[in-house]
Amino acid sequence: MTNRSVARIIPAQATSDGAGVKLKRSLGQSQAARHDPFLMLDEFFSDEPADYLAGFPSHPHRGFETVTYMLDGHMLHEDHLGNKGHLKDGGVQWMTAGRGVIHSEMPQQDAGRMRGFQLWINLPAAEKMRPAHYEDIPAAKIPHHLFGSGGEAILIAGRCQLNGESVRGYINGLDGQNLSTDPLYIDLRLKAGQSSHITLPTAHNAFVYVYEGEAQIGEQVIPSTSSALLSQGEELSITASGDTRLLLLAARPIGEAIVQYGPFVMNTSDEIEQAMRDYRDGVLTSA
């Protein structure tokens, strides 16, 4: 089998979004820093309320999916239809914006730690105007795979072979809907010196984001708060230099043109202009 290696490392850059929430962005910091179908990965992490209290007031999306994974804290999602979702420690919200969503994501705490990630996954042209859809997943529903030598894998989405065992994440199609990119999303937590071996679909693009410690893939050491885009292949071996936590993400590439303007991700400039007109005219979310 072909082993995947590190093709490129993208260190996360400090930035802010929403109403001034401080975060670190790896994928998505430029148009060249993408890995089809992954558009963006943000990490937010602070014990200082001033860094996150302003939150993400009402804003639109069209043409892609957002996956929010909360390690610590409490965030309330509300949208234009009156839907509400409470995202708490260890929980995930998987949102397909599709044709359009107008929503807010606001902290429900005024002290303590707020820590988590938001991932953007592109949709193919045929699905960009599908109806919006949500899946709110509390931590208790997400499978954990424990390693005999310590460490664990938190299995948010997808299927793979992990150290020779078949594992399956919580999400493998939302309410019967097919996720055409077939995403894999694992939070991998390894002890110092521990290795993990993963068999991935050969056609999937994959990357890892190290958010604590350091990881080694082949001869390449991946420092903390960095994404490593991986070459193609079937087998991936990861070794923790010290106690290490990382996200492993893989999905089927779409291979289509991407035109992005802020919260709108489409295939052409005309479609972006239409999204902006629809938002201005109050019909972004209309069927």
Side-chain angles (χ1 to χ4, degrees), residues 9-31 33-34 38-61 64-80 82-95 97 101-121 134 136-139 142 154 156 185 187 189 208-214 222-227 242-247 249 260-265 279:
I9 290 181
I10 304 176
Q13 294 182 352
T15 186
S16 65
D17 212 333
V21 176
K22 293 183 179 180
L23 49 84
K24 292 183 177 180
R25 178 167 296 162
S26 54
L27 267 67
Q29 58 190 244
S30 71
Q31 292 185 6
R34 296 173 176 148
F38 301 109
L39 300 165
M40 189 185 80
L41 178 65
D42 285 348
E43 177 184 4
F44 48 93
F45 178 18
S46 181
D47 297 306
E48 175 52 58
D51 291 344
Y52 61 74
L53 276 180
F56 302 88
S58 184
H59 59 280
H61 290 298
F64 62 100
E65 299 183 291
T66 68
V67 185
T68 307
Y69 175 31
M70 184 71 74
L71 296 180
D72 303 292
H74 181 188
M75 192 88 76
L76 172 64
H77 160 270
E78 296 182 279
D79 74 5
H80 65 284
N83 295 314
K84 292 186 177 183
H86 288 272
L87 193 56
K88 299 181 180 180
D89 295 2
V92 172
Q93 184 195 72
W94 200 293
M95 182 184 82
V101 164
I102 300 172
H103 75 156
S104 63
E105 299 154 293
M106 300 301 293
Q108 299 300 291
Q109 61 191 68
D110 56 16
R113 175 170 296 178
M114 179 75 74
R115 188 181 194 189
F117 308 92
Q118 188 167 95
L119 174 73
W120 288 15
I121 307 176
Y134 302 91
D136 290 317
I137 309 137
I142 299 174
I154 300 172
I156 296 170
Y185 193 151
D187 181 357
R189 303 179 177 188
V208 300
Y209 178 75
V210 178
Y211 67 95
E212 286 186 16
E214 290 184 342
I222 307 159
S224 186
T225 66
S226 295
S227 285
D243 287 355
T244 298
R245 296 183 177 188
L246 60 92
L247 305 180
L249 296 140
Q260 180 177 353
Y261 183 79
F264 306 129
V265 183
Y279 181 52

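- Contact detail for Gln109 and Leu53: the closest heavy-atom pair is O-CD2, 3.1 Å.
- Two residues are said to be in side-chain contact when any heavy atoms from C-beta on lie closer than 4.5 Å; Ser58 and Ile102 meet this criterion.
- Note that the OG atom of Ser227 and the CG atom of Leu246 stand 10.5 Å from one another [nearest 0.5 Å].
- Applying the side chain to side chain donor-acceptor pair (under 3.5 Å) rule to Asp243 yields no partners; only residues at least two apart in sequence or on another chain are considered.
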- [ ] Could you check Glu212 against Arg115 for salt bridge (charged side-chain N to carboxylate O under 4.0 Å, His left out), going step by step and ending with a plain yes or no?
- [x] CA-CA 12 Å; Glu212 286 186 16; Arg115 188 181 194 189; 2.7 Å; yes
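- Inspection of the Arg34 and Gln29 side chains reveals no N or O donor paired with an N or O acceptor under 3.5 Å.
- Considering every non-hydrogen atom in both Pro107 and Met114, the closest pair reads CB-CE, 3.6 Å.
- Contact check on Asp17 versus Arg25 returns a salt bridge, with a Lys/Arg side-chain nitrogen under 4.0 Å from an Asp/Glu carboxylate oxygen.
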Task: CA sep, side-chain torsions, deciding dist, call: Val92, Val67, side chain to side chain contact (heavy atoms under 4.5 Å, CB included) - done: CA-CA 7 Å; Val92 172; Val67 185; 3.9 Å; yes
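- Qualifying salt bridge (charged side-chain N to carboxylate O under 4.0 Å, His left out) partners for Asp51, counting only residues two or more places apart in sequence or in other chains: Lys22.
- Checked by atom type, the side-chain pair His103/His77 shows a donor-acceptor distance below 3.5 Å.
- Tyr211 OH to Phe45 CZ: the interatomic distance, rounded to the nearest 0.5 Å, is 10.0 Å.
- Closest of all the heavy-atom pairs between Glu43 and Phe117 is CG-CE2, 3.6 Å.
- The side-chain heavy atoms of His61 and Pro263, taken from C-beta on, include a pair separated by under 4.5 Å.
- Taking each heavy atom of Ser26 and Ala33 in turn, the nearest pair found is O-CB, 4.2 Å.
- Contacts of Tyr209 classified as ring pair (Phe, Tyr, Trp, His ring centres under 6.0 Å), with partners at least two apart in sequence or in another chain: none.
- For the pair Ile154/Ile142, a side-chain contact is recorded, criterion being any heavy-atom separation below 4.5 Å from C-beta on.
- Asp89 places a side-chain N or O within 3.5 Å of a backbone atom of Gly73 that can act as its donor or acceptor partner.
- The backbone N or O of Met106 lies less than 3.5 Å from a partner atom in the side chain of Gln108, making a donor-acceptor pair.
- Remark: the backbone N or O of Tyr52 is not paired with any side-chain donor or acceptor of Glu48 at under 3.5 angstrom.
- Between Trp120 and Glu65, the side chains place no donor N or O within less than 3.5 Å of an acceptor N or O (distance only, hydrogens not considered).
- With a 4.5 Å cut-off on side-chain heavy atoms, Glu78 and Asn83 do not count as touching.
- Counting heavy atoms from C-beta outward, Asp110 and Pro49 have side chains that stay 4.5 Å or more apart.
- A donor-acceptor distance shorter than 3.5 angstrom exists from the side chain of His59 to the backbone of Pro57, with no hydrogens or angles considered.
- Between atom CD1 of residue Ile121 and atom CG of residue Leu39 there is a gap of 8.5 Å, rounded to the nearest 0.5 Å.
- Expressed to the nearest 0.5 Å, how far NZ of Lys24 lies from OG of Ser16 amounts to 14.5 Å.
- Defined by atom type and a distance below 3.5 Å, a donor-acceptor pair is present between the side-chain atoms of Asp187 and Tyr69.
- Atoms CG and OG1, from Asp42 and Thr66 in turn, are 11.5 Å apart once rounded to the nearest 0.5 Å.
- Residues Leu87 and Asp136 form no side-chain contact, since every pair of their non-hydrogen atoms from C-beta on lies 4.5 Å or further apart.
- Rounding to the nearest 0.5 angstrom, the gap separating the CG atom in Asp79 from the CD atom in Glu105 is 11.0 Å.
- Remark: the Thr68 side chain and the Gln93 side chain contain no N/O donor-acceptor pair separated by less than 3.5 Å.
- Side-chain contact between Val210 and Thr225 is absent, with no heavy atoms from C-beta onward closer than 4.5 Å.
- By the 4.5 Å heavy-atom criterion applied to side chains, Met70 and Met75 are counted as neighbours.
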